[in-house]
Amino acid sequence: MKAVIITGLSGAGKTQAIDCLEDMGYYCIDNMPPALIRSFIDLTANGKGIDKAAFIIDVRGGSLFDDLKESLDELKNDGIDYKILYLEASDSTLIRRYNETRRTHPLAEGGSVSSGLKKEREMLQELRNQADYIIDTSNMKTAQLWAEIKQIITSGESQKSFTINITSFGYKRGTPMAGDMVFDMRFIPNPYYVKSLRPLTGNNAKVSRYVLKHQVTQDFIEKALDMVEMLIPFYIKEGKYSLNICIGCTGGHHRSVAVANELNRRLRQMGKRTTLEHRDL
């Protein structure tokens, strides 16, 4: 299992960080007692379908927070792959945020936010020194924080984790809303006007051969594959984990289906992860 431990100063954006990781497919737990991390990992190792998790661990845990160092040492000794993401901000920023939300700092104990922050920085100093990533959120909006987290979390991941979703469709039923790339196949000769092919679909070998035999179809497929291959690293850099390609023709039965099938086959030959859907069949 891959694990991310989110920690840092209260008010620095840990909730936004865990929301981001949840969007990235992580199983997320807020205010996790450190001593239970290993138990959770052991539980999910027994076929539970969870291969990455994120935990917020901070001073709200009170005396339970004292178990953190021992728990991290145990994970390290057992070869568990984990990273520590530490969030912080300037005192003036954190005080302003607390004033805006009218919340009480967990270590203030009836005193000022600044006194609570001072205690918290002292308590977290050793953990900060161990952190793999430190983000200062003083001048960050939520979208900027999410972009930063996505970049650092995915920086070491292979392109093999990137998924290309291919959908065929018919224009007469509307263009899919989720398309990152939409290609129109109505420039290809239409099998609909071949009497023997009209009742078939692009999943049929005869229709597929008819659509793919044209040089213009082959030229399009080659150029589309080159473009997708070129763009994947840039999508990953921008924090995206999938690319939605929509292939359209008039009815969504013949040309779009055959071309979508061929793109899917060729991309898989190239080692890409793909999904395939024929929306209007």
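Heavy atoms only: backbone and side chains are in, while hydrogens, waters and symmetry mates are out.
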Y171, OH atom: more than 12 neighbouring heavy atoms under 6.0 Å: yes

Looking at every heavy atom in both A89 and L94, which two are closest together, and how far apart are they? O-CD1, 3.6 Å

With R173 via salt bridge (Lys or Arg N to Asp or Glu O under 4.0 Å) - residues at least two apart: none

Does any N or O in the side chain of E120 come within less than 3.5 Å of the main-chain N or O of S10, such that one atom is a donor and the other an acceptor? yes

If you round to the nearest 0.5 Å, how far is OG1 of T274 from CZ of R268? 3.5 Å

Between K119 and E122, does at least one N-O distance fall below 4.0 Å, as a salt bridge requires? no

D91/R121 ion pair, N-O < 4.0 Å: yes

If you measure only the distance, is there a donor-acceptor pair under 3.5 Å linking the side chains of D58 and T7? no

Assess whether a salt bridge exists between K223 and D219, defined as any Lys/Arg side-chain N lying under 4.0 Å from an Asp/Glu carboxylate O. no

The side-chain hydrogen bond (donor to acceptor under 3.5 Å, both in side chains) partners of D19 (sequence neighbours excluded) come to none

Let me confirm one number: the CD1-CG distance from I221 to D226, rounded to the nearest 0.5 Å. 12.0 Å

What's the shortest heavy-atom distance between K52 and M24, and which atoms? NZ-O, 3.1 Å

Would you kindly say whether T250 and R255 are connected by a side-chain donor-acceptor distance under 3.5 Å? yes

Does L85 reach the side chain of I5, with side-chain heavy atoms less than 4.5 Å apart? no

Taking atom types as modelled and ignoring hydrogens, do the side chains of R96 and S138 form a donor-acceptor contact shorter than 3.5 angstrom? no

Check S256 against M185 and note the closest heavy-atom contact, atom names and distance. CA-CG, 4.3 Å

Is it possible for you to say whether I37 and I84 belong to one hydrophobic cluster, with membership spreading through side-chain heavy-atom contacts below 4.5 Å? yes

Would you call D180 and Y235 a side-chain contact if the rule is heavy atoms closer than 4.5 Å? yes

Just wondering, do I56 and N31 contact through their side chains at under 4.5 Å, heavy atoms? no

Please check this pair: side chain of N204 against backbone of L200, looking for a donor-acceptor N/O pair closer than 3.5 Å. no

Residues in side-chain hydrogen bond (donor to acceptor under 3.5 Å, both in side chains) contact with N261, at least two apart in sequence or another chain: N203, H278

I'd like to check I245 versus I164 (side-chain heavy atoms, cut-off strictly below 4.5 Å). Are they in contact? yes

Test side-chain hydrogen bond (donor to acceptor under 3.5 Å, both in side chains) applied to N190 - qualifying residues, sequence neighbours left out: none

With a 4.5 Å limit on heavy-atom distance, are the side chains of M181 and L231 in contact? yes

Between N165 and L243, does the side chain to side chain contact (heavy atoms under 4.5 Å, CB included) criterion hold? Intermediate values first, please. CA-CA 6 Å; N165 304 308; L243 173 63; over 6 Å; no

Are the side chains of V259 and F183 in touch, meaning some heavy atoms are under 4.5 Å apart? no

Pairwise distance CG(L72) to CD1(I57) - rounded to 0.5 angstrom: 7.0 Å

State whether the number of non-hydrogen atoms from other residues, nucleotides or ligands found under 6.0 Å of N99 atom CG is greater than 12. yes

Looking at every heavy atom in both A131 and Y86, which two are closest together, and how far apart are they? CB-CB, 3.7 Å

By the definition side chain to side chain donor-acceptor pair (under 3.5 Å), identify the one residue from R97, Q16, E88 that meets it with T137. R97

List the atom of L225, the atom of M270, and the distance in Å for their closest heavy-atom pair. CD2-SD, 4.1 Å

Could you check if a side-chain atom of C20 sits within less than 4.5 angstrom of a side-chain atom of L145, using non-hydrogen atoms only? no

Taken in chain and number order and not counting sequence neighbours, the residues that satisfy side-chain hydrogen bond (donor to acceptor under 3.5 Å, both in side chains) with D184 are R186

Apart from M177 itself, which Ile, Leu, Val, Met, Phe, Trp or Tyr residues share its cluster (side-chain heavy atoms under 4.5 Å, direct or through members)? none

How close do N264 and T275 get, counting heavy atoms only, and between which atoms? OD1-O, 4.3 Å

Find out whether the Lys NZ or Arg CZ of R279 is both under 6.0 angstrom from the six-membered ring centre of F169 and within 45° of the ring's axis. no

Between K213 (side chain) and S208 (backbone), is there a donor-acceptor pair under 3.5 Å? no

Carboxylate-amine/guanidinium proximity below 4.0 Å for R266 and E222: yes

